[in-house]
2 protein chains.
Amino acid sequence: MGRKRTKSGKIRLAEVAELAGVSPITASRFFRNPEALSVAKRTRVESAAKELGYVPNLAARALASQRTEVIGVLIPSLTNNVFSDVLRGIYDASEGSRYSIQLSNTRYSILQEEKLLRLFLAQKPAGLIVTGIDQTAESRAMLQAADCPIVQIMEIGPDPVDMMIGFSHYDAARAAIAHLFEQGHRKVGFVGARMDPRVQRRLDGYVSAMKDAGSFDQRLVVTTATPTSVTLGGALFTDLLAREPDIDAVFCANDDLALGVLFECRRREIAVPGQIAIVGFNDLEFMAAAVPTLTSVRTNRYEMGKTAATMLIDAIEGRRPEQPVLDLGFKVIERQSSSARRSDSRPAVSGAGAANKMIALPSSHD
Amino acid sequence: MGRKRTKSGKIRLAEVAELAGVSPITASRFFRNPEALSVAKRTRVESAAKELGYVPNLAARALASQRTEVIGVLIPSLTNNVFSDVLRGIYDASEGSRYSIQLSNTRYSILQEEKLLRLFLAQKPAGLIVTGIDQTAESRAMLQAADCPIVQIMEIGPDPVDMMIGFSHYDAARAAIAHLFEQGHRKVGFVGARMDPRVQRRLDGYVSAMKDAGSFDQRLVVTTATPTSVTLGGALFTDLLAREPDIDAVFCANDDLALGVLFECRRREIAVPGQIAIVGFNDLEFMAAAVPTLTSVRTNRYEMGKTAATMLIDAIEGRRPEQPVLDLGFKVIERQSSSARRSDSRPAVSGAGAANKMIALPSSHD
DNA sequence: TTGTATGCGTTATCAA
DNA sequence: TTGATAACGCATACAA
């Protein structure tokens with residue numbers, strides 16, 4: 001019955017409607033679908049809301065409408081630079097929209113992911129962004145049963161739950177190895193840490209490329225489940241050298257490891273690229289600043305996050321993308337650290353700023 | 001009236017209560033304060049909830065209770081490593097609690113911060129974590145008027161809004177300069193980017209320390225508003241060298257810049273620390289892996305985030321901390337890059353793994 | 001310790 | 001295009 005003002009002194013929709021001389025439901029419609037109002041009422045509600053400083057109550061809205069305006073995001077790490085770029089893209093895309101981001105960290109555990117997914121789904125999110133394609137069977141079932149759009153990010157693969165955006169880590173690794181071979185390197189080692197599914201697929205790509213060249217040897221591969229770090233790069237490289245002292249090159253599963261390898265080479269006075277070529281993965285900013293500059297595989301992380309969130313919001317609002325699976329590709333950024341073997345005496349400490357020759361290799365689908 | 005089952009088929013508190021043979025409000029109490037129930041009813045509600053797979057409706061809870069279980073977090077950057085560590089701490093502390101994190105990026109703009117703050121406050125958050133102490137007057141007023149606990153993180157200063165956790169960037173910079181002087185360096189340059197308030201206070205600390213030593217010269221300071229990067233470190237150092245070719249040492253406002261300076265030295269064949277000593281700030285992981293290892297000022301970022309969230313949750317639940325302002329201090333981690341001037345011919349490329357001598361300097365409150 | 005009555009602010013449904 | 005009515009699911013206040 002006729003409550004006049006809310007106890008807390010907050011402005012409700014009812015107050016706005018009263019001032020505008022319309023019913024509450026009309027005012028409500030103004031905020032959700034202004035087009036549905038006559039121009040006269042529209043302007044009256046608008047000015048009334050502004051005058052009173054009306055702020056909608058999201059809890060009431062969620063309760064009444066049976067849905068929230070929350071986009072759930074599940075990522076495996078908060079510290080990995082790779083994900084902070086993706087996140088920035090997601091937040092940038094969500095800004096200005098009516099949706100807010102709910103972020104959770106799976107810590108590279110698919111069981112933790114399953115648990116968080118259950119939690120998220122219970123809140124009826126407007127949409128979900130999940131990392132990768134390696135969910136548990138249970139998670140997949142939940143995702144498939146969810147009545148909201150879903151985007152899988154970071155990589156593409158067969159059988160998307162809904163939408164998917166990323167690139168082929170397998171192809172990217174193959175391209176990196178192909179580049180090393182082009183430069184005359186043959187005995188290429190692999191250094192990897194964490195060994196999450198995407199790193200594993202980079203390793204698979206490496207293995208297949210090496211086998212294609214008839215150069216594969218299990219002894220060239222050094223990996224660990226330990227989280228990645230620059231220090232670890234040096235340690236793994238040390239192991240690799242102990243095993244195979246006459247390697248030509250090292251393909252690192254990420255840029256931190258590559259930087260660690262570079263420092264270890266410096267420590268051991270191994271010339272880069274004279275004696276050992278180095279290729280990293282992700283192309284973080286420091287790769288172009290190192291001495292020598294470090295070759296890497298550039299991935300479009302910010303764009304991936306931004307596009308994922310944009311696609312998701314579009315889908316939430318009924319605008320399904322024409323193409324549910326998006327391959328953002330990658331580029332091998334060739335720099336000094338991988339330049340031709342037995343190069344014409346170019347010193348490792350040559351001038352920086354050499355043009356970054358790029359070779360674009362959009363990965364194939366499936 | 002007697003709704004029997006909800007249309008959507010969802011399990012409500014009423015169903016749980018019915019199965020348990022208690023009133024809905026008793027079931028409600030079970031989830032908020034189990035201790036208030038008799039043991040008999042407690043177990044009955046518990047098993048009923050489990051049997052039905054009851055999941056509370058947060059929107060209804062928020063609407064009825066007039067408050068949410070959301071902790072708002074405002075940080076200036078999502079890409080800066082410093083904040084990803086803090087964030088990890090915050091998320092870790094919130095995990096397992098009933099509170100969820102709502103994150104927003106101010107992009108180093110206090111106007112954007114004010115806007116976001118207004119947005120957050122409208123949703124009646126359970127608590128807020130904001131970065132730094134340099135809010136707009138309007139923001140401060142809103143914070144002071146907010147009826148929820150608030151933690152300011154990253155630095156400590158006078159006049160906390162509520163709680164505060166961090167350290168003195170001013171003192172930390174002074175400690176870094178003191179260390180360089182102890183090692184015999186005199187003509188110490190400053191390199192800084194972004195120049196947000198905390199970097200500015202590091203600069204202030206540098207200036208005061210240099211003045212104390214009678215060594216200050218404005219020409220030793222090179223700064224830019226540009227966002228920081230490794231590449232930028234090299235560029236700023238280049239500027240500094242052009243101005244003052246005979247400097248002893250460089251104090252960098254962060255570790256990325258320090259790494260850039262190191263690479264630039266290598267490019268120019270300047271011996272580190274033989275000709276130029278380098279000190280960074282934050283002590284990111286790679287500092288200990290570099291060649292030479294890089295001295296830095298260690299800050300407790302993860303702990304800062306974790307403690308902030310823990311304090312906040314405690315305060316939300318009525319357990320106010322005995323000490324609302326917490327100084328987490330810092331440590332100058334002495335490594336090769338800043339070792340004594342005219343050292344006894346120790347080569348820059350000496351063995352890694354030298355013990356990291358630490359000097360602890362908890363900053364004063366004032 | 002437990003229960004009753006009522007309110008929270010909005011939207012869905014259906015009718016006009 | 002607009003409005004009346006009835007949820008939405010839970011918690012507060014107060015009483016027992």
Side-chain angles (χ1 to χ4, degrees), chain A residues 1-45 48-49 52-69 98 122-124 126, chain B residues 1-45 48-49 52-69 98 122-124 126:
Chain A
M1 332 340 169
R3 294 176 274 175
K4 225 17 193 169
R5 282 283 179 276
T6 182
K7 270 178 283 186
S8 54
K10 286 212 56 161
I11 306 300
R12 291 169 307 165
L13 202 51
E15 271 89 55
V16 176
E18 193 182 35
L19 180 60
V22 300
S23 72
I25 188 66
T26 299
S28 169
R29 279 195 262 263
F30 167 78
F31 292 101
R32 292 172 295 151
N33 184 17
E35 319 303 320
L37 270 65
S38 64
V39 186
K41 303 217 166 178
R42 198 185 310 171
T43 52
R44 269 159 55 202
V45 173
L52 296 173
Y54 171 70
V55 177
N57 181 319
L58 298 188
R61 183 176 280 178
L63 180 59
S65 67
Q66 297 285 68
R67 54 201 162 70
T68 63
E69 286 170 347
R98 60 194 304 172
Q123 311 312 329
K124 292 197 177 291
Chain B
M1 339 314 176
R3 290 177 277 171
K4 226 16 195 171
R5 282 283 180 278
T6 181
K7 269 179 284 185
S8 53
K10 285 210 57 159
I11 305 300
R12 291 169 307 167
L13 202 51
E15 272 87 57
V16 176
E18 193 183 34
L19 180 60
V22 301
S23 72
I25 188 64
T26 299
S28 170
R29 278 195 262 263
F30 168 76
F31 292 102
R32 290 172 297 149
N33 184 17
E35 320 301 322
L37 270 65
S38 64
V39 186
K41 304 216 168 184
R42 197 185 308 169
T43 52
R44 270 163 49 204
V45 174
L52 296 172
Y54 171 70
V55 178
N57 182 319
L58 298 188
R61 184 177 278 177
L63 180 57
S65 67
Q66 297 285 68
R67 52 200 163 71
T68 62
E69 286 169 347
R98 58 193 307 170
Q123 311 312 330
K124 293 197 177 291

Closest to side chain of B:Ile25, choosing from C:dG9, D:dG3, D:dA13: D:dA13

side-chain N/O B:Gln66 vs C:dG9 OP1/OP2, d < 4.0 Å: yes

Minimum heavy-atom distance B:Val45-B:Val16, with the two atoms named: O-CG1, 4.0 Å

Shortest non-hydrogen contact between B:Ala27 and B:Ala17, atoms and distance: CB-CB, 4.0 Å

B:Thr26 vs C:dT2: side-chain N/O to OP1/OP2 distance below 4.0 Å: no

Rounded interatomic separation in angstrom, taking CZ from A:Arg44 and C1' from D:dT2: 12 Å

Euclidean distance, atom CD of residue B:Gln123 to atom P of C:dT10 [Å, nearest integer]: 11 Å

Whole-Å gap separating C1' (C:dT2) and NZ (B:Lys41): 6 Å

Rounded interatomic separation in angstrom, taking CD from B:Glu69 and C1' from D:dC10: 12 Å

Value in whole Å for how far the P atom of C:dT10 lies from CD1 of A:Ile11: 10 Å

Partner residues of A:Arg29 under the side chain to side chain contact (heavy atoms under 4.5 Å, CB included) criterion, sequence neighbours left out: A:Ile25, A:Arg32, A:Leu37

Sugar-phosphate only, base, or nothing, as touched by B:Pro24 at under 4.0 Å among non-hydrogen atoms: nothing

Closest listed nucleotide, where the reference is the side chain of B:Val22 and the choices are C:dT10, D:dG3, C:dG3: C:dG3

Whole-Å distance separating the CG atom of A:Leu63 from the P atom of C:dA12: 12 Å

N or O in side chain of A:Lys124 less than 4.0 angstrom from D:dG9 OP1/OP2: no

Touch class at under 4.0 angstrom, heavy-atom based, for B:Leu13 against every strand present: sugar-phosphate

Proximity to the side chain of A:Asn57 - top-ranked nucleotide from C:dT10, C:dA12, D:dA11: C:dT10

D:dT12 OP1/OP2 closer than 4.0 Å to side-chain N/O of B:Arg67: yes

d(OH, A:Tyr54; C1', C:dG9) in whole Å: 7 Å

Listed nucleotide nearest any side-chain atom of A:Arg61, set D:dG9, C:dG9, C:dT11: C:dT11

Heavy-atom side-chain contact between A:Val22 and A:Phe30 under 4.5 Å: no

Donor-acceptor pair, side chain of B:Ser65 and main chain of B:Arg61, under 3.5 angstrom: yes

N/O (side chain, B:Ser65) to phosphate O (OP1/OP2, D:dA11) under 4.0 Å: no

Strand-adjacent residues in residues 27-40 of chain A, judged by heavy atoms under 4.0 Å from DNA chain C: A:Ser28, A:Arg32

Spacing of A:Arg12 atom CZ relative to C:dG7 atom P, expressed in whole Å: 11 Å

Any donor-acceptor pair under 3.5 Å from A:Thr68 side chain to A:Ala62 backbone: no

Between NZ on residue B:Lys124 and CG on residue A:Leu58, distance to nearest 0.5 Å: 12.5 Å

Inter-residue atom distance B:Asn33.CG - B:Arg42.CZ, 0.5 Å rounding: 9.0 Å

